[in-house]
Amino acid sequence: MIGAQGPSYGRVAGEGLDTTHGAILYLEEISVVFDGFRALNKLSLDISVGELRCIIGPNGAGKTTMMDVITGKTRPTSGTAFFGQTMDLSRMSEHEIAHAGIGRKFQRPTVFEQHTVFENLELAMKMDKRVRPTLFARLSSEQRGKIDEILKLIRLNGSEQRLAGLLSHGQKQWLEIGMLLMQEPQLILLDEPVAGMSDAETARTAELLNELRGKHSIMVVEHDMAFVTEIAQQGTVTVLHEGSVLAQGRMAEVQADERVIEVYLGR
Amino acid sequence: ADTIKVGILHSLSGTMAISETSLKDVALMTIDEINAKGGVMGKKLEAVVVDPASNWPLFAEKARGLIAQDKVSVVFGCWTSVSRKSVLPVFKELNSLLFYPVQYEGEELEKNVFYTGAAPNQQAIPAVEYLMSKEGGGAKRFVLLGTDYVYPRTTNKILRAFLKSKGVKDADIDEVYTPFGHSDYQTIVANIKKFSAGGKTAVISTINGDSNVPFYKELGNAGLKATDVPVVAFSVGEEELRGVDAKPLVGHLAAWNYFESIKNPVNADFIKKWKAYAAAKKLPNAATVVTNDPMEATYVGIHMWAQAVEKAKSTDTDKVIAAMGGQSFKAPSGFTLTMDATNHHLHKPVFIGEIRPDGQFNVVWKTPGPVRANPWSPYIPGNEGKQKL
Amino acid sequence: MLKKLLLLACLLYAGFARAAIDPAVLAPLAGDDPDARVAAIAKIGALATDEATHLLTALQNGDVYATPDGKLYFVADDKATDVATGATGPMPEGLDGVMINNRLRGAIEEAMSALKMFSPDRAQRLAAVTELQKSATLAQAPLIEKALAQEKDTDIRELLQLVAATANLQSPDAVKRQAAVAALVDSSNANLRPTLQTMVTSDADEGVRVAAAHTLQALDSRLARTEFVGNVFYGISLASVLLLAALGLAITFGLMGIINMAHGELLMIGAYTTYLCQMAFRRWMPDAIEWYLAAALPAAFIVTALVGIALERTVIRWLYGRPLETLLATWGISLILMQAVRSIFGAQNVEVSNPAWMSGGVTVLGSLVLAYNRIAIIVFALLVVAGVWLILNKTRLGLFVRAVMQNRRMAGCVGVSSAKIDMMTFGLGSGIAGLGGVALSQLGNVGPDLGQGYIVDSFMVVVLGGVGQLAGTVIAALGLGEANKFLEPVAGAVLAKIAILIFIIIFIQKRPQGLFAMKGRSAE
Amino acid sequence: MNHPSLFSRRAWSGIAAGVVVLAALPLLNLFFADGHALHVPSYMVSLIGKFMCYALAALALDMVWGYAGILSLGHGVFFALGAYAHGMYLMRAIGRDGVYQSDLPDFMVFLDWKSYPWYWSGTDSFWVSLALVVLVPGVLAFVFGFFAFRSRIKGVYFSIITQAMTYAFMLLFFRNNTGFGGNNGFTDFKRILGYSISAPGTKATLYLVTLAVLVGALVLCRWIVKSKLGRVLQAVRDSESRLMFIGYNPLWFKLFVWTLSAVLCGIAGALYVPQVGIINPSEMSPANSIEMVIWAAVGGRGTLLGPVIGAFSVNGLKSWFTGAFPDLWLFALGLIFILVTRYLPRGLAGLVRKEQA
Amino acid sequence: MLQVEKINQYYGSSHTLRGVSLELEKGKCMALLGRNGVGKTTLLKCLMGVLPVSAGSVKLEGRDITKLAPHQRARAGIAYVPQGREIFARLTVEENLLMGLATHSGKKAHTIKGEVYELFPVLKEMLHRRGGDLSGGQQQQLAIARALLAEPKLIILDEPTEGIQPSIIKDIGNVIRLLRQRGDMAILLCEQYFDFAQELADQFVVLSRGEVVASGAQAAMNDPDVKRHLAV
Ligand SMILES: Nc1ncnc2c1ncn2[C@@H]1O[C@H](COP(=O)(O)OP(=O)(O)OP(=O)(O)O)[C@@H](O)[C@H]1O
Ligand SMILES: Nc1ncnc2c1ncn2[C@@H]1O[C@H](COP(=O)(O)OP(=O)(O)OP(=O)(O)O)[C@@H](O)[C@H]1O
Ligand SMILES: NC(N)=O
Ligand SMILES: [Mg+2]
Ligand SMILES: [Mg+2]
């Protein structure tokens with residue numbers, strides 16, 4: 001699996017990332033405390049290279065907070081977070097983390113509202129993102145082709161000159177997924193990707209994820225059980241509760257777990 | 001043309017409007033007065049008023065506009081030294097005339113400028129001499145308190161040299177500056193109080209107009225009376241006191257070349273005209289208008305210029321300059337003032353007044369006659385022999 | 001009618017009864033010789049009669065006039081009373097005020113305080129003794145002893161003893177000097193320092209030198225403490241001014257997000273309203289002039305609130321959601337308001353005087369004067385802060401205000417009329433600025449530029465505290481006030497100001513969201 | 001892609017027309033005598049020369065404010081520092097023609113200084129002073145910006161510290177002892193590179209240089225905002241944190257435009273001094289910096305040409321009003337500001353751009 | 001209760017709603033369905049008055065409210081749960097709930113009914129936390145609770161289940177059912193979660209490109225014709 005090249009986008013583990021032990025992300029004993037409230041409580045978790053991991057759990061379990069820790073938005077109160085064997089996420093800034101290969105879709109769609117759909121994708125595109133290269137950047141035809149490809153995938157072709165701020169909620173969700181793909185990250189974090197999508201759209205998203213499976217490492221947070229079942233397949237599903245792992249296992253096992261039913265699924 | 005244009009370059013807005021607005025009005029009044037008597041060389045004067053808005057580069061622009069566009073023969077204007085410095089190159093380049101009516105720090109002499117305000121030796125030095133005299137309280141220690149800009153800094157430099165020449169030691173001089181618009185004088189007044197414990201102390205204030213009210217209010221708060229620590233100010237006159245409850249200030253001093261309270265027929269006439277003018281033009285607060293030193297200097301300046309033009313029979317700059325030398329005018333101060341041909345400054349009498357509860361001044365000391373200006377202060381090294389143009 | 005005549009007769013008689021000062025003593029007063037005039041004052045003071053007191057008071061108040069031939073008259077209500085004879089008649093020709101200057105005024109004060117030491121009125125005696133403390137000389141020692149012998153009041157006695165000791169510092173008798181120095185060990189009169197210092201170094205007597213050194217040390221440490229307390233007080237007082245200037249802005253800018261460049265002009269309007277109230281009182285209720293501020297406060301609040309509401313309705317309401325544009329529009333408003341005031345009231349400052357109860361101060365720790373107007377403003381600032389806090393946090397209006405400012409559209413969807421709330425909030429902020437203006441009018445200039453002097457400081461206070469954080473605004477004002485007042489004695493006002501600005505820049509580096517930064521997700 | 005050219009054809013023709021007209025003014029002034037129908041008064045030429053400097057400053061400000069969303073309330077300090085840097089040369093070029101006939105400037109003689117302080121060294125060279133014009137504002141901006149942006153100071157917090165900075169500099173320069181002429185600043189210049197500063201030819205040259213710099217700056221800025229970097233800057237303005245999550249470090253992007261803007265502003269100041277004839281600390285007063293913001297806002301922020309138009313119109317109106325209605329002009333100007341915000345939310349430039357929306 | 005007649009809406013020049021009409025009775029629940037970007041949210045905003053309509057009318061209990069501002073509509077009895085939650089981020093949870101009572105007065109305006117805590121126990125735990133600090137799902141719960149507190153005649157829900165955990169979705173379903181049964185409220189439910197909508201609705205409307213393309217009673221929701229409009 002390591003080093004496998006996808007046909008169009010994607011790379012599993014790129015340059016500079018040491019994944020010799022098979023895992024791409026390690027969280028160890030992470031705690032996050034807000035004014036005395038423990039949003040994460042000694043959370044330990046790791047994601048293998050190429051894995052698609054589903055995370056579920058009640059509202060307020062700490063799923064988004066966990067993603068905040070991984071992407072550098074929130075500093076853990078204690079514990080360690082490593083990307084590969086060597087990159088200590090708690091010492092890196094947001095853009096360094098992003099540059100190292102972690103991409104994220106936020107729970108609430110966040111796009112550059114004053115930029116067109118095209119520009120949003122262009123900004124996200126993988127390239128040297130320092131000042132000078134940006135100043136002299138010119139789109140190659142290959143890159144342009146890439147953007148067109150993604151535009152089709154997220155079904156916003158035809159809308160590429162619209163301002164992103166004018167898109168509907170669901171369209172923004174898609175645009176954000178498109179931006180994520182443009183970044184070609186090694187690890188993709190998706191926070192409720194199908195919230196606000198119709199059932200048909202949800203199905204398409206599931207399809208897309210299944211296609212990406214194995215080309216990237218992916219972590220998905222969702223409350224839509226049908227969707228989770230669809231993409232989890234035989235993989236691991238982790239249930240968070242009150243800031244730590246409550247249960248972990250195949251989807252069917254987890255769904256049958258009494259505690260999970262109690263706190264999350266309901267009867 | 002059948003009129004002679006004169007420019008009036010005083011800030012009507014911005015921070016300096018507080019002081020300069022009334023100079024514009026006095027200038028207009030004086031021009032009306034001259035016109036009523038038939039004008040100059042049979043022509044009426046036409047005032048061109050512009051507002052440089054307390055903005056120094058705008059002063060230069062407006063000066064250029066007045067001279068080059070409006071073709072005025074002379075400009076009456078400026079208050080702060082920096083505004084004067086800003087317009088100087090313009091007057092030199094276009095060879096035109098400026099009459100500057102405000103007391104200033106000296107260290108300047110320009111062919112194109114006539115200075116109708118006081119040089120340091122016509123205001124600051126006599127005031128300090130008075131404070132040191134027995135009658136003035138026999139001050140031994142001095143607080144030189146000013147706003148942080150060139151006029152106070154320069155004046156204080158001259159005063160320090162002067163005090164030293166009189167045997168006052170550095171330890172007995174405290175020099176303190178505040179930023180423009182400073183409004184909290186608690187610490188400074190406390191320090192003055194502390195300093196004054198060391199012997200008879202006087203404060204020499206070159207505080208810029210706006211900060212004076214908070215300063216005097218704080219003095220009153222701290223219970224420092226004029227009999228304890230007299231303050232002599234060079235920028236506080238009748239116009240400034242109009243905005244203050246003067247009762248707590250009674251006995252503090254100011255040195256000028258003119259006070260409204262001076263009693264003589266010329267002054268009575270001047271005051272009467274001004275009050276009438278204010279009422280006729282419905283100036284704001286017309287009922288309480290007062291006259292002050294720079295207003296008198298403006299009045300004198302315009303009249304002298306008119307006389308000089310009559311004498312030169314021309315408004316040509318060089319001819320008027322030549323005619324200005326030795327011009328004299330019976331001024332509201334009660335003296336006949338003469339324009340010095342060699343240094344373009346007026347010979348002026350010096351008065352020291354104590355503040356009265358009604359905001360006017362009691363003259364407590366005056367020079368026997370007009371004093372010649374020393375724009376190049378002898379207390380500044382290197383100025384020897386620089387008294388002429 | 002008859003009654004009136006009788007009264008007049010009595011008054012006349014009283015006038016006659018006063019006629020007891022030798023014209024020869026009086027004569028120099030009308031003359032030109034300063035030394036002779038000072039001597040005359042001393043002589044009159046030495047008479048120690050009611051007539052002498054009356055004359056000295058009248059001199060001090062400028063009520064004494066002289067004719068060219070050297071006769072003195074009291075003048076009141078177009079009647080002149082001859083000082084020497086007490087005869088009252090019409091005003092003689094050529095009457096002119098007897099000129100007094102500081103030197104003469106000083107002499108009069110000295111003479112009066114000696115007289116007042118024996119006054120039956122405790123307050124007068126206290127004032128006289130306090131005055132004497134500044135400069136008691138050996139010559140006055142007998143007088144002081146006499147007063148001490150008569151004095152019953154313990155407070156005044158204590159003071160008198162200090163005064164006596166001060167006078168005795170100059171005594172030729174070393175024992176007396178040493179006793180005096182020792183007695184002064186509890187004094188906090190800074191004026192003693194030079195004398196003590198000379199004594200420490202050059203007194204002939206060893207014992208006096210030692211005692212003087214001891215007293216000087218005690219005095220210095222007391223003065224240092226006083227200075228410290230003074231700085232703290234000055235800092236609080238400056239803080240209260242900054243706070244009053246900034247509070248309105250904390251609402252219009254902090255809460256509503258309007259970069260209100262016209263805030264300073266609202267302060268100014270508040271101050272001008274105060275001025276108008278004062279004028280109205282002078283004109284129609286001169287007896288109640290002391291209390292004009294009581295009317296000025298509500299009036300200023302209402303006037304500025306109405307101005308604010310008018311601005312909100314006509315200009316600002318079009319700019320919600322475009323905060324940066326508010327800068328441009330309010331700048332325009334500020335130009336217009338300033339010029340309007342200039343056109344109506346003139347470019348010059350107008351006079352606003354402190355009511356008598358706000359002038360002067362209370363002396364603590366011996367020499368520190370806490371001015372009444374400063375104290376009043378500190379208390380007032382506290383009251384205004386408390387009021388604003390209550391409105392914003394404890395009322396439904398406050399809740400709606402905060403809700404509208406955070407999410408105008410959603411507030412509408414739950415049934416709050418944001419237009420109304422916007423109007424009221426801006427009105428409230430403006431009204432508070434008006435109250436600030438009332439306070440500022442008591443400390444400094446009231447002129448068209450008043451606001452310009454405070455606008456920069458106000459923004460600094462609000463931003464430093466953290467936009468939208470009332471508590472932050474208060475702490476920031478306090479911090480800036482104290483920092484300023486502790487730096488100023490060391491660095492001078494100019495460098496202190498520069499240092500404060502640099503401090504602000506550095507502080508914001510540490511706390512990029514101000515003192516009371518919003519934490520957590522809601523901050524984004 | 002969709003930005004084929006720097007300016008639209010219409011904009012290009014507008015700019016070209018503007019440049020031709022502006023360039024013609026000093027020539028008409030020089031070649032037609034006073035009284036001739038085509039004569040342009042020198043008053044007008046010097047006025048426009050001054051406005052062009054203001055326009056350059058407004059353009060610089062718009063780069064940071066309009067594009068990167070960084071509102072500076074302290075750009076006056078860069079303008080003034082550029083002006084002072086150039087002014088030092090002009091002061092030294094006075095030589096012994098000052099009132100004290102010393103090699104030192106008058107204010108130094110007056111303060112009893114015997115030689116130039118170290119920070120004046122090299123300023124007798126025109127080229128050193130040019131370097132300083134770029135370096136002094138540039139380095140100050142770089143250092144200030146580096147710390148501020150690294151601490152992630154944004155929005156009004158940033159605006160306020162820029163205001164504090166310019167205010168502090170103003171107070172510092174007011175002091176005589178700082179060595180820059182105190183409140184009076186530098187004035188009464190005599191010559192530049194040996195040419196008399198009041199000679200018509202020198203004035204025309206300065207004017208044309210200013211015009212060239214302004215046009216050059218306009219093209220440079222346009223090129224920058226049209227590049228991908230320009231789009232990153234706008235993303236900084238709209239959602240800085242989002243930008244970090246796709247791998248850009250906003251610090252360097254902000255620092256780049258911030259420093260560039262300061263340098264442009266400094267150059268504007270340097271061109272301003274010899275034309276206006278005075279530089280003093282009041283240029284650093286907070287109100288002056290706010291006025292620059294006003295120019296940009298009136299013209300239309302985020303449009304490049306807008307600030308240029310804004311600087312010309314606001315200052316033009318001010319010049320006209322202060323002469324024509326000295327008592328009432330503030331009402332008129334204030335009203336214009338209000339009306340522009342109310343009815344032209346995108347400034348004067350919005351008038352032109354309306355149909356594009 | 002609610003009558004919408006031929007409303008049209010434009011964003012600039014793009015015609016987003018084209019003659020949409022619908023009618024909803026008291027005590028009934030209507031599901032509003034449609035793909036992403038067809039104009040559902042736009043329609044709901046028009047009903048709430050957040051967006052103006054260019055033509056057509058909206059009536060509530062026979063009263064024409066087309067020209068009313070949102071706050072007036074709220075006072076007329078409409079409550080709204082917007083897409084994207086729109087919590088007052090810097091108000092506490094409690095204050096957010098009090099905002100739901102903004103249309104009430106007197107004592108009623110200060111009492112938060114205990115029922116909402118039963119439905120959303122987490123809100124009670126977090127009463128003093130700032131709204132903006134809550135997790136996404138918690139905020140959604142808060143938004144629903146806020147609308148319920150207003151005791152409206154018509155409640156408009158824009159994707160209320162978005163981001164909420166399954167067990168609570170069930171609870172929300174129960175509440176809607178309860179409200180429907182009580183019969184004094186009309187419910188307009190825009191929902192992507194088809195099964196959920198189907199379970200609760202009495203009738204439905206499907207939008208496509210701003211037009212009503214299908215509508216009917218609940219039973220008809222499974223028609224392939226309807227499903228076709230929802231498929232990609
Ligand atoms: N800044 C903060 N201050 C206080 N509490 C916070 C803060 N940020 C998050 N929390 C709390 O931390 C907990 C975890 O929040 P988080 O957003 O990670 O939950 P989540 O698992 O993503 O939930 P959801 O499924 O609803 O999105 C929540 O209870 C939330 O209220
Ligand atoms: N402010 C706006 N300006 C212009 N067009 C807009 C604006 N808001 C939304 N649109 C467009 O209007 C259409 C309808 O948007 P709307 O938000 O109503 O869709 P929706 O049906 O609610 O979609 P979703 O299920 O994704 O929430 C979309 O194509 C959207 O891009
Ligand atoms: N010349 C003055 N007072 O600045
Ligand atoms: Mg979440
Ligand atoms: Mg929607």
Side-chain angles (χ1 to χ4, degrees), chain B residues 12-15 17-22 134-137 148 176-179 181-184 186-188 190-191 193-194 196-199 210-214 217-218 220-223 226-228 230 239-240 242-248 250-251 253 283-285 354 356-357 359 362 364, chain C residues 34-35 62 99-103 105-106 109 134 190-194 223 227 230-231 233-234 237-238 241 338-339 342-354 359-361 363 367-369 371-374 442-449 452-453 484-485 488-489 492-494 497:
Chain B
L12 309 179
S13 58
T15 47
I18 240 173
S19 308
E20 293 191 64
T21 308
S22 54
K134 187 170 171 197
E135 199 54 20
D148 196 8
V176 183
Y177 293 96
T178 57
H182 192 67
S183 60
D184 190 290
Q186 299 183 92
T187 306
I188 286 171
N191 282 343
K193 203 169 169 182
K194 198 166 129 194
S196 72
D210 247 8
S211 294
N212 274 303
V213 175
K217 283 203 171 169
E218 202 57 52
N221 283 341
T227 43
D228 307 327
E239 186 81 7
E240 285 73 20
R242 239 173 117 190
V244 197
D245 174 14
K247 279 174 231 79
V250 168
L253 306 122
L283 298 186
N285 276 328
E354 283 185 0
R356 297 197 314 222
N362 246 343
V364 293
Chain C
D35 293 336
M99 211 270 291
I100 59 164
N101 63 6
N102 281 329
R103 184 173 172 214
R105 216 175 275 120
E109 266 166 31
K134 280 189 210 153
N191 290 11
L192 294 173
R193 274 197 94 247
L223 288 177
E227 196 173 324
N231 283 341
F233 176 78
Y234 301 150
S237 149
L238 176 57
V241 173
M338 265 194 288
Q339 191 61 20
R342 230 176 248 132
S343 308
I344 299 171
F345 297 96
Q348 296 82 5
N349 294 330
V350 295
E351 182 223 319
V352 174
S353 47
N354 293 350
S359 344
T363 308
S367 59
L368 180 63
V369 182
Y372 289 132
N373 66 356
R374 295 275 175 189
Q442 298 301 304
L443 291 177
N445 292 299
V446 178
D449 289 328
Q452 297 293 301
N484 206 318
K485 287 296 143 185
E488 201 183 313
V494 180
K497 182 103 200 179

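Please read these numbers as outputs of a predicted model, since none were measured by experiment.
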Colleague: Is chain B contacted by the side chain of C/T363, its backbone, both, or neither, given a heavy-atom distance below 4.5 Å?
Modeller: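 Contact with chain B is absent: no heavy atom of C/T363 under 4.5 Å.
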Colleague: With a 4.5 Å heavy-atom cut-off, do C/Q452 and B/T15 have their side chains touching?
Modeller: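 C/Q452 does not reach B/T15 side chain to side chain.
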Colleague: Report which part of C/I100 has an atom under 4.5 Å of a heavy atom belonging to chain B: side chain, backbone, both, or neither.
Modeller: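 The backbone, not the side chain.
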Colleague: Walk me through it: do C/E109 and B/T227 pass the test side-chain contact (heavy atoms from CB on, under 4.5 Å)?
Modeller: CA-CA 9 Å; C/E109 266 166 31; B/T227 43; 3.3 Å; yes
Colleague: Is the shortest heavy-atom distance from the side chain of C/N102 to the side chain of B/V364 under 4.5 Å?
Modeller: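 No - every pair of side-chain heavy atoms lies 4.5 Å or more apart.
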Colleague: With chain C, which of B/S196, B/G223, B/P284 has the greatest number of heavy-atom pairs at distances under 4.5 Å?
Modeller: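 Sorted descending by pairs with chain C, the first entry is B/P284.
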Colleague: Heavy-atom distance under 4.5 Å to chain C: side chain of B/K247, backbone, both or neither?
Modeller: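 Neither part; nothing is under 4.5 Å.
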Colleague: Might you point out which heavy atoms bring B/A197 and C/A190 nearest each other, and give the distance in Å?
Modeller: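 Nearest pair, atom of B/A197 first, then C/A190: CB-O, 3.5 Å.
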Colleague: Would you say that B/R242 contacts C/E351 through its side chain, given a criterion of any heavy-atom pair below 4.5 Å between the two side chains?
Modeller: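 Not touching, per the 4.5 Å side-chain cut-off.
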Colleague: Set out, in order, the CA-CA distance, both residues' side-chain angles and the distance that settles side-chain hydrogen bond (donor to acceptor under 3.5 Å, both in side chains) for C/N101 and B/E135, then state yes or no.
Modeller: CA-CA 8 Å; C/N101 63 6; B/E135 199 54 20; 2.7 Å; yes
Colleague: Less than 4.5 Å apart, side chain to side chain, heavy atoms only: is that true for B/K217 and C/Q442?
Modeller: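 Counting from C-beta outward, B/K217 and C/Q442 never come under 4.5 Å.
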Colleague: For a 4.5 angstrom cut-off between non-hydrogen side-chain atoms, does B/E240 reach C/N349?
Modeller: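 A side-chain contact is absent here, since even the closest heavy-atom pair is not under 4.5 Å.
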Colleague: What's the shortest heavy-atom distance between B/Y177 and C/A493, and which atoms?
Modeller: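 Minimum heavy-atom contact is O-CB, 3.6 Å.
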Colleague: Under 4.5 Å from any heavy atom of chain B, what part of C/L238 do you find: side chain, backbone, both or neither?
Modeller: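 When you check distances to chain B, atoms from both the backbone and side chain of C/L238 fall under 4.5 Å.
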Colleague: So, for B/P214 and C/N445, which heavy atoms are closest and what is the spacing to 0.1 Å?
Modeller: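 Scanning both residues completely, I find the closest heavy atoms to be CD-ND2, 3.9 Å.
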Colleague: Is it the case that the side chain of C/Q339 and the backbone of B/S13 share a donor-acceptor pair, with hydrogens and angles ignored and the cut-off at 3.5 Å?
Modeller: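 Not at all, since once roles are kept as given, no pair shorter than 3.5 Å links the two residues.
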Colleague: Specify which of B/K193, B/K134, B/H182, B/E239 makes the most heavy-atom pairs with chain C at under 4.5 Å.
Modeller: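 Greatest number of close heavy-atom pairs with chain C: B/K134.
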Colleague: Contact between B/Q186 and C/R374 at the side-chain level, heavy atoms closer than 4.5 Å - yes or no?
Modeller: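 Yes, their side chains come closer than 4.5 Å.
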Colleague: Using 4.0 Å as the upper bound for N to carboxylate O, is an ion pair formed by C/K497 and B/D184?
Modeller: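 The answer is no: the pair does not qualify as a salt bridge.
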Colleague: Checking B/D210 against chain C: side chain, backbone, both or neither under 4.5 Å from a heavy atom?
Modeller: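 The answer is both parts of B/D210.
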Colleague: Which heavy atom of B/A17 sits nearest to which heavy atom of C/A347, and what is that distance?
Modeller: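 Closest approach of B/A17 to C/A347: O-CB, 3.5 Å.
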Colleague: What verdict does the side-chain contact (heavy atoms from CB on, under 4.5 Å) test give for B/V213 and C/L443, after you've listed the backbone C-alpha separation in whole Å, the side-chain angles of each residue and the deciding distance to 0.1 Å?
Modeller: CA-CA 8 Å; B/V213 175; C/L443 291 177; over 6 Å; no
Colleague: Identify which part of C/V241 has an atom lying under 4.5 Å from any heavy atom of chain B, answering side chain, backbone, both or neither.
Modeller: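 Contact with chain B involves no heavy atom of C/V241 at all.
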Colleague: Name the region of B/N212, side chain, backbone, both or neither, that has any atom closer than 4.5 Å to a heavy atom of chain C.
Modeller: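 For B/N212, there is no contact with chain C at all, as no heavy atom is under 4.5 Å.
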Colleague: Tell me, for C/V350 versus chain B, whether the close heavy atoms (under 4.5 Å) come from the side chain, the backbone, both or neither.
Modeller: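 Contact with chain B involves both backbone and side-chain atoms of C/V350.
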Colleague: Taking all atoms of both residues into account, what is the closest heavy-atom pair of B/G14 and C/R342, and its distance?
Modeller: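 Between these two residues, the closest heavy atoms are N-NH2, 3.3 Å.
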Colleague: Find the one option among C/N191, C/V494, C/V369 whose heavy-atom pairs under 4.5 Å with chain B are most numerous.
Modeller: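 It is C/V494.
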Colleague: Select one option (side chain, backbone, both, neither) describing which atoms of B/V244 are under 4.5 Å from chain C's heavy atoms.
Modeller: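 B/V244 touches chain C through backbone heavy atoms alone.
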Colleague: Under 4.5 Å heavy-atom distance to chain C, tell me which part of B/I188 shows up: side chain, backbone, both or neither.
Modeller: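 The answer is both parts of B/I188.
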Colleague: Determine, stepwise, if the pair B/N221 / C/N373 fulfils side-chain hydrogen bond (donor to acceptor under 3.5 Å, both in side chains).
Modeller: CA-CA 8 Å; B/N221 283 341; C/N373 66 356; 3.1 Å; yes
Colleague: Checking heavy atoms, do the side chain of B/E218, its backbone, both or neither come under 4.5 Å from chain C?
Modeller: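 Side chain of B/E218 only, per the 4.5 Å heavy-atom cut-off to chain C.
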Colleague: Quick one: are B/V250 and C/R105 in side-chain contact, heavy atoms under 4.5 Å?
Modeller: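 Yes, close enough: below the 4.5 Å cut-off.
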Colleague: Name the region of C/N484, side chain, backbone, both or neither, that has any atom closer than 4.5 Å to a heavy atom of chain B.
Modeller: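 For C/N484, no heavy atom lies under 4.5 Å from chain B.
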Colleague: Heavy-atom distance under 4.5 Å to chain C: side chain of B/S22, backbone, both or neither?
Modeller: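 Its backbone and side chain both get close to chain C.
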